Amino acid sequence: MNVLVVLGHPEPKSFNAALAATAKRVFEAQGHTVRISDLYAQDFKSEVTRGDFKNQRDPEMLNIIREQGNAWKTGGFADEIKREIDHIAWADLVIVQCPIWWFGLPAIVKGWMDRVFVPGFTYGRGKWYETGGLAGKRAMMSVTFDAKASAYTARGRYGDSDIMLWPIHTSLRFVGFDVLRPFIADQVSGSADARAKSLAAFEARLKAIGSETPMPFHTLDEFDEDDMLKPGVKGRTAGQRD
Ligand SMILES: Cc1cc2nc3c(=O)[nH]c(=O)nc-3n(C[C@H](O)[C@H](O)[C@H](O)COP(=O)(O)O)c2cc1C
């Protein structure tokens with residue numbers, strides 16, 4: 001298996017970096033090949049700009065989706081985007097490793113999605129969800145936060161973590177990934193003991209990841225022409241509920 005770990009943390013001595021290193025060690029010990037794409041270390045830009053495209057199709061007006069589609073067809077992406085596209089194309093499993101910042105992704109990781117999940121490669125012309133360009137690959141969010149996990153439940157202070165992660169999970173599914181349950185390390189700034197327990201839990205999870213069932217998502221044929229679940233189909237995700 002080819003495993004890509006996308007790391008979104010500025011500090012090589014951080015807990016997030018330790019989780020990424022754990023993934024590398026565990027998968028390599030199992031005979032898999034691992035690449036870590038350390039976004040900060042390569043100074044990856046979070047913003048979509050004209051500089052994403054080597055030859056802008058329409059220099060007068062930046063239509064991002066059209067320019068991305070054109071760059072995909074013509075090989076016209078800036079080098080850092082091309083490199084990330086190649087990593088994803090190579091990977092069977094993508095793990096996105098980052099802290100939760102303001103109940104969402106650090107800008108650098110959001111920017112990685114904005115700039116790399118491009119039409120042609122990941123979606124478009126009938127390719128999305130189970131027919132998406134990345135169908136057959138698996139993805140997992142591995143996130144950290146300081147609060148207790150109980151704070152991120154339906155009656156907890158910050159609400160259900162499945163709702164917090166829904167925009168990210170639905171994006172991963174949109175482009176075709178089978179999305180695995182997130183790995184969540186809580187109380188990260190607490191004791192060394194809590195961090196050691198999280199690392200051990202991560203290691204155990206990764207060792208058995210091959211037999212995991214992905215999270216449920218609705219299939220294309222469950223929606224009607226108004227993009228609504230058809231009558232009788234019960235919502236079964238964080239985003240679609242009855
Ligand atoms: C800008 C910023 C925003 C943060 N927002 C949240 C948040 O919304 N929820 C939360 O539980 N923790 C939040 N935190 C805490 C981080 O999740 C925590 O510091 C991180 O997971 C620790 O991992 P590290 O040791 O690898 O940096 C935030 C931290 C920073 C710096």
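Counting starts at 1 for both ligands and their atoms, following the listed order. The structure displayed is predicted, hence computed values, not measured ones. Position 1 is the first residue of the sequence; numbering continues from there.
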Whether the side chain of [X] engages the backbone of [Y] through a donor-acceptor N/O pair (distance < 3.5 Å, no angle test) should be reported.
| X | Y | result |
| --- | --- | --- |
| Gln68 | Asp114 | yes |
| Asn2 | Trp90 | yes |
| Lys137 | Ile88 | yes |
| Lys148 | Ser150 | no |

*Answer with side chain, backbone, both or neither: which part of His9 has a heavy atom less than 4.0 angstrom from an atom of ligand 1?*
side chain
*Which one holds for Thr144 and ligand 1: side chain close, backbone close, both close, or neither close, with close meaning a heavy atom under 4.0 Å?*
both
Check whether any side-chain heavy atom of [X] lies under 4.5 Å from a side-chain heavy atom of [Y], and answer yes or no.
| X | Y | value |
| --- | --- | --- |
| Arg181 | Pro214 | no |
| Glu80 | Arg115 | yes |
| Trp128 | Leu220 | yes |
| Met1 | Leu93 | yes |

Minimum-distance protein heavy atom relative to [atom]:
| atom | value |
| --- | --- |
| atom 17 (O) of ligand 1 | Ile100 O, 2.8 Å |
| atom 19 (O) of ligand 1 | Asp146 OD2, 3.4 Å |
| atom 29 (C) of ligand 1 | Trp101 CD1, 3.5 Å |
| atom 8 (O) of ligand 1 | Phe103 N, 2.7 Å |

Under 4.0 Å to a heavy atom of [X] - the qualifying atoms of ligand 1, by number:
| X | result |
| --- | --- |
| Phe15 | 25 (O), 26 (O) |
| Val188 | 22 (C), 23 (O), 25 (O) |
| Asn16 | 23 (O), 24 (P), 26 (O) |
| Phe145 | 10 (C), 11 (O), 12 (N), 17 (O), 21 (O) |
| Tyr152 | 9 (N), 10 (C), 11 (O) |

*Quick check: does Trp102 get an N/O under 3.5 Å from an N/O on ligand 1?*
yes
